[in-house]
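Okay, so here's the structure we're looking at.
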2 protein chains.
Amino acid sequence: MNGAEALVQTAVDAGLEVCFANPGTTEMPVVAALDSRPGMRAVLGLQENVATGAADGYGRMAGKPALTLLHLGPGFANGIANLHNARRARSGIINLIGEHATWHAQADAPLASDIESLARPVSAWVHRSAEAAGMAGAMAEAIATATRGSGQIATMILPHDLQLADSGGVAAPAAFSSRQSVAEARLAAAAGALAGEGALLFLGNAALSEAGLRAAGRIAQASGCGLMSQMSNARAERGAGLPSYAKIPYLPEMALEALAGTRVLVLAGALSPVAFFGWPGMPSSMVPEGTEVVTLALPDEDVVAALEGLADRLNAPAYQAPASEGRPEPPRGELTTEALCGAVAALQPEDAIVVNEAITSGWSYHKQSQGCPRFTELQITGGAIGCGPSLALGAAVACPERRVINLQADGSGLYTPQALWSQARERADVVTVICSNRRYNILQMELQRAGMNQPGPNAQRLTALDDPPVDWAQMAKGFGIQASAAHDADELVAALAEALARPGPTLIEAVIA
Amino acid sequence: MNGAEALVQTAVDAGLEVCFANPGTTEMPVVAALDSRPGMRAVLGLQENVATGAADGYGRMAGKPALTLLHLGPGFANGIANLHNARRARSGIINLIGEHATWHAQADAPLASDIESLARPVSAWVHRSAEAAGMAGAMAEAIATATRGSGQIATMILPHDLQLADSGGVAAPAAFSSRQSVAEARLAAAAGALAGEGALLFLGNAALSEAGLRAAGRIAQASGCGLMSQMSNARAERGAGLPSYAKIPYLPEMALEALAGTRVLVLAGALSPVAFFGWPGMPSSMVPEGTEVVTLALPDEDVVAALEGLADRLNAPAYQAPASEGRPEPPRGELTTEALCGAVAALQPEDAIVVNEAITSGWSYHKQSQGCPRFTELQITGGAIGCGPSLALGAAVACPERRVINLQADGSGLYTPQALWSQARERADVVTVICSNRRYNILQMELQRAGMNQPGPNAQRLTALDDPPVDWAQMAKGFGIQASAAHDADELVAALAEALARPGPTLIEAVIA
């Protein structure tokens, strides 16, 4: 058994099932091992950000890591942006990077580069194999690392000759890590903080799981505290039967207003909120002066148990869901961003997974979808735009029985549209709705906020996408998936209903009025 | 004048003219400065590898650096693969990366990351601005760095608040660097080495310029030595009137055979040849045992002057071009890879720029194009596939009066197809011919070389691109450019003739039989 086979077998033995890949020559022994050691499904991405973004989406939904298989430094580099998002999402991912043979390193061949320097910014653990016999053990350590806390990124650099060398066999069974539990003193402090007016439970990470939300709901009903979540959540359970919560706004002036008057912010799986950018005249921290911050549980701790323990400590009864406010009627007429979000909220099936990278076009979706049948929402977490289609692919691979809807900004969607091809290849049940405003709307907004009401020609050229307009339906058909364009709300509703009624991927360009 | 304005003005004053960009919020002051300090053309890429690849193509053709403008670590990361190619091409590029405001760094906001760690592997110089007053001076240093030798990559990290702060004005005029000249002793050693049979002048970099090749031709005619170039060249002048030369083959067994019997290899702008990968049983170095290696000029030295000095030392008369062997007739019938390359060679106009990233489909192009009217060829230099369409964009921006033809492998072309949109936006005179074999042919070849004649299902899924086949014409139309598919050589010739007869970008998918 060679090093590549021992490594793959160790992963299969631990229950890992999927490898999102774009391999090259230096990864061929691992490719061969994916067949000779059965149990792993290989999913090809045409560009590495598809592979890493899909691994992120898979990890968020499967609750266990995927492997990626990437080609040397440059291939890995293509996947860094979505690994950045995955790191912020606290997804578990194990990257396998083929490297030149040890004896060939001195040649500085064309593809040689400093892989460690590229990998460190997005990896909790970077390991370079020094011998074939160590590869299986390193995979066991990678699995422990990738499952620590909520999840982490482990990166393995695998010289080609060592992949091929005799390994001595598989390592001892690799175990998943578990979350660290929260000390009783923190529960007591949180319980004390919640006594009285003006308390807000600030939710992130596993606090937004079904169990976490039910416990948070108990706490809110018992203590009268408010519930708010981070702006962007890796995974949130939502819809009828679960407590609803506001999200902290993107713009700092709005975030500060939303938190104004808060006496105490109790952090449950979330970090203390900070501004997305350092805007002139605005603070870094979104916590108003005088607001106390109390940490119940850090994102990587066992926040669900902490919330349940806190609810028990408050003698809170079982969560009583209020009558559902219901979902919106399908919109008609002009295709505004509100109509676009409303169409999805009106039609999304029960148990849908909604990958929301709609950016400015999606700002009304949270409120409009509050009363939908139960669903799961995945958001962009690290600000590295373009992850949506790849997240959707990974979620569909993890949950083949669920329908995925990707509510996708057009500017962002143009970063890695190749994910559409993998959706077609994998017959993934993904419906993509492109929010087509043909501009980087958030940048045009930022120019206005900076006082540039008359952008010059270069500023216009760098923020407008209408010359030429991208014909998304044609582009998607080129990648092998069914597609159409909708120019009003009625067309969008009809196209969405049709797409949701049959299996496989579809794209609808919603051309915003 | 704020920091961003001082920096842009310094670049404009030095004669820099183009900024390939995909900015975000942290780059808005530079965007504003691109309008308030006129003289720089901003070209938008929908993904950062378009910007960096275009900067590479521009640098190779313009002979001076372009700027890129990229968004924090993740945006920069998206452009690393093509910067890797640019580094191997020795192109001069100046990357501007916006960074969070200095006072916001401690917040670890979502987009924060270790930019230096990401930048170092592809940069000769990484600089983080510590004050606005230093930005203009740093740009002057970046210009000196980027023009050193053949060219280098300089990366500037620009905190948002410092871009906006008062700078104190523009720096002293920034000067381009020049190449270091070669010592007489090396010319003498090379002259000695060339006396006798079995000498080969091994060409790279500026040795493949018109002046370099004419000098090499004089040397070959005077000494009887052979001429050979690196496998992949950043830029080579080619065609009728210039000396022809072989290229060292990709596969090590073929490279060793090509160099067998060589008494002495004289390096002119090329490094000693090494294997592209470390294949089992093959050496790292492609220099046969017993062959002596003599360095005339390193890639960053003044190789043209060295070649001319060597030719003079050999008392070589002016270069006498042999009668041109002419170009092939337009092919007919089946669309083989030979027919595909033959069609381009048969039709390419005089003074064309051919961006050749055809990989396995392009192996016959070098020989078939030997007798074409004068043209310039750009190749992939760092093995980070997918640069072709972006290189073509950059070359077209640098040379608006010349026709660009991108001979492009399909698997590689799927990495950054968004460059097609920028070609449309810029009305670039680029004709893209997709070599559509619907597989990663080089990997299927590597599987066979490794003895895997019956690849398993995962190996098949990771190397085949035919399920679904990409419909390139539809995809390209989606990006706003004219496109069609050709299924035999006659169709390809007709489509190519039509595309070359009118301005603007066109894509032709050549579906290989």
Side-chain angles (χ1 to χ4, degrees), chain A residues 21 23 25-26 28 31-32 34-35 42 44 46-47 73-74 77-78 80-81 84 88 100-101 103-104 107 109-111 113-114 117-118 120-121 160 274-278 284 382-384 414-415 418 424-425 446-447 450 452 456-459 461-462 467-468 470-471 474-475 477-480, chain B residues 21 23 25-26 28 31-32 34-35 42 44 46-47 73-74 77-78 80-81 84 88 100-101 103-104 107 109-111 113-114 117-118 120-121 160 274-278 284 382-384 414-415 418 424-425 446-447 450 452 456-459 461-462 467-468 470-471 474-475 477-480:
Chain A
T25 299
T26 45
M28 284 297 119
V31 169
L34 290 174
D35 284 317
L44 178 64
L46 298 177
Q47 201 263 12
N78 280 331
I80 288 173
H84 175 87
R88 294 293 185 186
H100 282 302
W103 50 266
H104 194 49
L111 275 161
S113 68
D114 183 347
S117 189
L118 296 171
R120 269 188 220 107
H160 183 254
V274 298
F276 200 85
F277 292 112
S284 264
L414 287 164
Y415 275 70
Q418 301 95 326
R425 159 75 80 94
E446 292 290 355
L447 287 170
M452 291 171 61
N458 279 322
R461 285 168 57 82
L462 293 177
D467 174 25
V470 171
D471 183 332
Q474 262 193 314
M475 197 243 281
K477 286 177 190 164
F479 282 125
Chain B
T25 299
T26 44
M28 284 299 117
V31 170
L34 291 174
D35 284 316
L44 177 64
L46 298 177
Q47 202 261 13
N78 280 330
I80 289 175
H84 175 89
R88 294 295 185 184
H100 282 303
W103 50 266
H104 195 47
L111 274 162
S113 69
D114 183 346
S117 190
L118 295 171
R120 268 188 221 109
H160 183 255
V274 298
F276 200 85
F277 291 113
S284 263
L414 287 164
Y415 275 69
Q418 300 95 327
R425 160 75 80 94
E446 291 290 354
L447 287 169
M452 291 172 61
N458 279 324
R461 285 168 57 82
L462 292 178
D467 174 26
V470 170
D471 183 332
Q474 262 193 314
M475 197 244 281
K477 286 177 191 165
F479 282 124

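Proteins get letters first, then strands, A, B, ... in listed order; numbering begins at 1 in each. Note that these values count all heavy atoms, side chains included, but never hydrogens, waters or copies made by symmetry.
Closest approach of A/Asp35 and B/Ala459 over heavy atoms only: OD2-N, 2.9 Å.
Interface summary for chain B: among A/Ala424, A/Ala81, A/Gly382, the most heavy-atom pairs under 4.5 angstrom belong to A/Gly382. Heavy-atom pairs under 4.5 Å with chain A were tallied for B/Gly383, B/Ser117, B/Ala384; the largest tally goes to B/Ser117. Counting heavy-atom pairs under 4.5 Å between each of A/Pro23, A/Pro74, A/Ala42, A/Gly456 and chain B puts A/Ala42 at the top. Most heavy-atom pairs under 4.5 Å with chain A: of the set B/Arg461, B/Met475, B/Lys477, this distinction falls to B/Arg461. Of the listed residues A/Asn78, A/Asp467, A/Leu447, A/Asp114, the one with more heavy-atom pairs under 4.5 angstrom with chain B than any other is A/Asp467. Contacts with chain A were tallied for B/Ala77, B/Ala275, B/Gly480; B/Ala275 has the most, counting heavy-atom pairs under 4.5 Å. With chain B as the partner, the residue from A/Met452, A/Arg120, A/Gln418 showing the most heavy-atom pairs under 4.5 Å is A/Gln418. Contact tally against chain A (heavy-atom pairs below 4.5 Å) for B/Leu34, B/Leu462, B/Leu118: the top residue is B/Leu462. When each of B/His84, B/Glu446, B/Gln47, B/Met28 is scored by its heavy-atom pairs under 4.5 Å with chain A, the top score falls to B/His84. For the options B/Leu414, B/Val31, B/Val470, B/Thr26, heavy-atom pairs under 4.5 Å to chain A are most numerous at B/Leu414.
In this structure, chain A has no heavy atom under 4.5 Å from any part of B/Ala450. Contacts of A/Ala101 with chain B are made by side-chain atoms alone, with heavy-atom separations under 4.5 Å and no backbone atom involved. Within the 4.5 angstrom heavy-atom criterion, only side-chain atoms of A/Arg88, from C-beta onward, approach chain B.
A 4.5 Å side-chain heavy-atom check between B/Phe276 and A/Thr25 finds every atom pair outside the cut-off.
A/Asp471 places no side-chain N or O within donor-acceptor distance of the main-chain N or O of B/Phe479, the cut-off being under 3.5 Å.
Residues that satisfy the ring pair (Phe, Tyr, Trp, His ring centres under 6.0 Å) test with A/His100, not counting sequence neighbours, are A/His104, B/Phe277.
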